[in-house]
*Asks:* 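To start, I am sharing the structure in question, which I have written as structure tokens.
Values below: all heavy atoms of this structure, side chains included; hydrogens, waters and symmetry mates excluded.
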Amino acid sequence: QVQLVESGGGLVQAGGSLRLSCAASGRAFSSYFMGWFRQAPGKEREFVAALAWNTGTTYYADSVKGRFTISRDNAKSTVYLQMNSLKPEDTAVYYCAASSASLALRDFGSWGQGTRITVSS
């Protein structure tokens, strides 16, 4: 198992920016996919972005493409989600997750505790 701890959530006005961090520890995760998901009230959890740790290849949901950037710091074992041009519809609890197999939701077996982001209009 990989242990994940998120930080960086908060309240921001529409058009603003936030950066989330996800510190990973535990089992070697260099071959993992690291992902960000979000869940808004009354909605299902949805994919936001992911990164293949060993190659750095990135993946994004259409709704955030061009606004969000996922990146990693190998030395700190940390994944980041830089969120720019935030919209009220980005309001949700954001979760960091790790998958040792694929980008399918069912393969993300390790999850952080979640961090809340509220975007005011």
*Asks:* Passes side-chain contact (heavy atoms from CB on, under 4.5 Å), Leu81 versus Val48? Steps please.
*Replies:* CA-CA 10 Å; Leu81 185 67; Val48 175; 4.2 Å; yes
*Asks:* Which atoms form the tightest heavy-atom contact between Ser121 and Ala14, and what is the distance?
*Replies:*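 Taking Ser121 first and Ala14 second, the nearest heavy atoms are CA-CB, 4.3 Å.
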*Asks:* Could you label the plane-to-plane angle of the Phe68 and Tyr94 rings as parallel, tilted or perpendicular, counting under 30° as parallel and over 60° as perpendicular?
*Replies:*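 Answer is tilted, since the angle falls between 30° and 60°.
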*Asks:* How long is the gap from CD on Glu46 to CD on Gln39, to the nearest 0.5 Å?
*Replies:*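 So the gap between those two atoms works out to 9.5 Å.
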*Asks:* Using side-chain contact (heavy atoms from CB on, under 4.5 Å), reason through Ser110 and Gln3 one step at a time and then give a plain yes or no.
*Replies:* CA-CA 7 Å; Ser110 299; Gln3 289 75 49; over 6 Å; no
*Asks:* I'd like to check Tyr60 versus Thr69 (side-chain heavy atoms, cut-off strictly below 4.5 Å). Are they in contact?
*Replies:*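 With C-beta onward as the side chain, the pair touches.
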*Asks:* I need the minimum non-hydrogen distance between Asn84 and Ser17, along with the two atoms involved.
*Replies:*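 Smallest interatomic distance, heavy atoms only, reads OD1-OG, 2.9 Å.
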*Asks:* What pair of heavy atoms forms the shortest contact from Cys22 to Met34, and how long is it?
*Replies:*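 The answer is SG-CE, 4.5 Å.
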*Asks:* Using 0.5 Å steps for rounding, measure from the OG1 atom of Thr55 to the CZ atom of Phe33.
*Replies:*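 If we round to the nearest 0.5 Å, Thr55:OG1 and Phe33:CZ are 7.5 Å apart.
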*Asks:* Quick check on the 6.0 Å ring-centre criterion: do Phe47 and Phe37 meet it?
*Replies:*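 So the answer is yes for these two rings.
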*Asks:* Just by modelled atom types, is the Gln113 backbone N or O under 3.5 Å from a matching donor or acceptor in the Glu6 side chain?
*Replies:*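 Confirmed, Glu6 side chain pairs with Gln113 backbone.
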*Asks:* If you compare all heavy atoms of Ala24 against all heavy atoms of Val2, which two are closest, and at what distance to 0.1 Å?
*Replies:*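 Looks like CB-CG1, 4.1 Å.
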*Asks:* Looking at CG of Leu4 and OG of Ser25, how far apart are the two atoms once the value is rounded to the nearest 0.5 Å?
*Replies:*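 That separation rounds to 7.5 Å.
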*Asks:* So, are Lys87 and Asp90 salt-bridged, with charged N and O less than 4.0 Å apart?
*Replies:*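 Salt bridge absent between Lys87 and Asp90.
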*Asks:* Give a yes or no on this: more than 12 heavy atoms of other residues, nucleotides or ligands lie within 6.0 Å of atom NZ of Lys65.
*Replies:*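 Count over threshold, so yes.
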*Asks:* Starting at CH2 of Trp53, measure out to CG of Asn74 and round the result to the nearest 0.5 Å.
*Replies:*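 Trp53 atom CH2 to Asn74 atom CG measures 5.5 Å (nearest 0.5 Å).
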*Asks:* Which heavy-atom pair separates Thr78 from Ser21 by the least distance, and what is that distance?
*Replies:*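 Shortest heavy-atom contact: CG2-CB, 4.2 Å.
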*Asks:* Under 3.5 Å, sequence neighbours excluded: what are the donor-acceptor pairs made by side chains of residues 97-109?
*Replies:*
| residue | atom | partner | partner atom | Å |
| --- | --- | --- | --- | --- |
| Ser99 | OG | Ala101 | N | 3.2 |
| Ser99 | OG | Ser102 | N | 3.1 |
| Ser99 | OG | Ser102 | O | 2.6 |
| Ser99 | OG | Asp107 | O | 3.2 |
| Ser102 | OG | Ala104 | N | 3.1 |
| Ser102 | OG | Asp107 | OD2 | 2.5 |

*Asks:* Under 6.0 Å from the ring centre and within 45 degrees of the ring axis: does the NZ or CZ of Arg19 meet both conditions for the six-membered ring of Tyr80?
*Replies:*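 Yes, Arg19 sits over the ring of Tyr80.
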*Asks:* Would the distance check show the side chain of Ser63 and the main-chain N or O of Ala61 forming a donor-acceptor pair, the cut-off being under 3.5 Å?
*Replies:*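 Not a single qualifying donor-acceptor pair exists.
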*Asks:* Does the side chain of Asp73 come within less than 4.5 Å of Val79's, by heavy atoms?
*Replies:*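 SC-SC contact between Val79 and Asp73 ruled out.
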*Asks:* Looking at Val64, Thr118, Val119, which hits side chain to side chain contact (heavy atoms under 4.5 Å, CB included) with Leu86?
*Replies:*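 Testing each of Val64, Thr118, Val119 against Leu86, the sole residue satisfying side chain to side chain contact (heavy atoms under 4.5 Å, CB included) is Val119.
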*Asks:* Tell me, with the steps shown, if Leu18 and Ile117 meet side-chain contact (heavy atoms from CB on, under 4.5 Å).
*Replies:* CA-CA 9 Å; Leu18 280 175; Ile117 291 174; 3.9 Å; yes
*Asks:* Could you grab the distance from atom CH2 of Trp36 to atom OG1 of Thr115, nearest 0.5 Å is fine?
*Replies:*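 Result: 7.5 Å between the selected atoms.
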*Asks:* If you measure from CE on Met83 to CZ on Arg38, what distance do you get to the nearest 0.5 Å?
*Replies:*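 Reported value, rounded in 0.5 Å steps: 9.0 Å.
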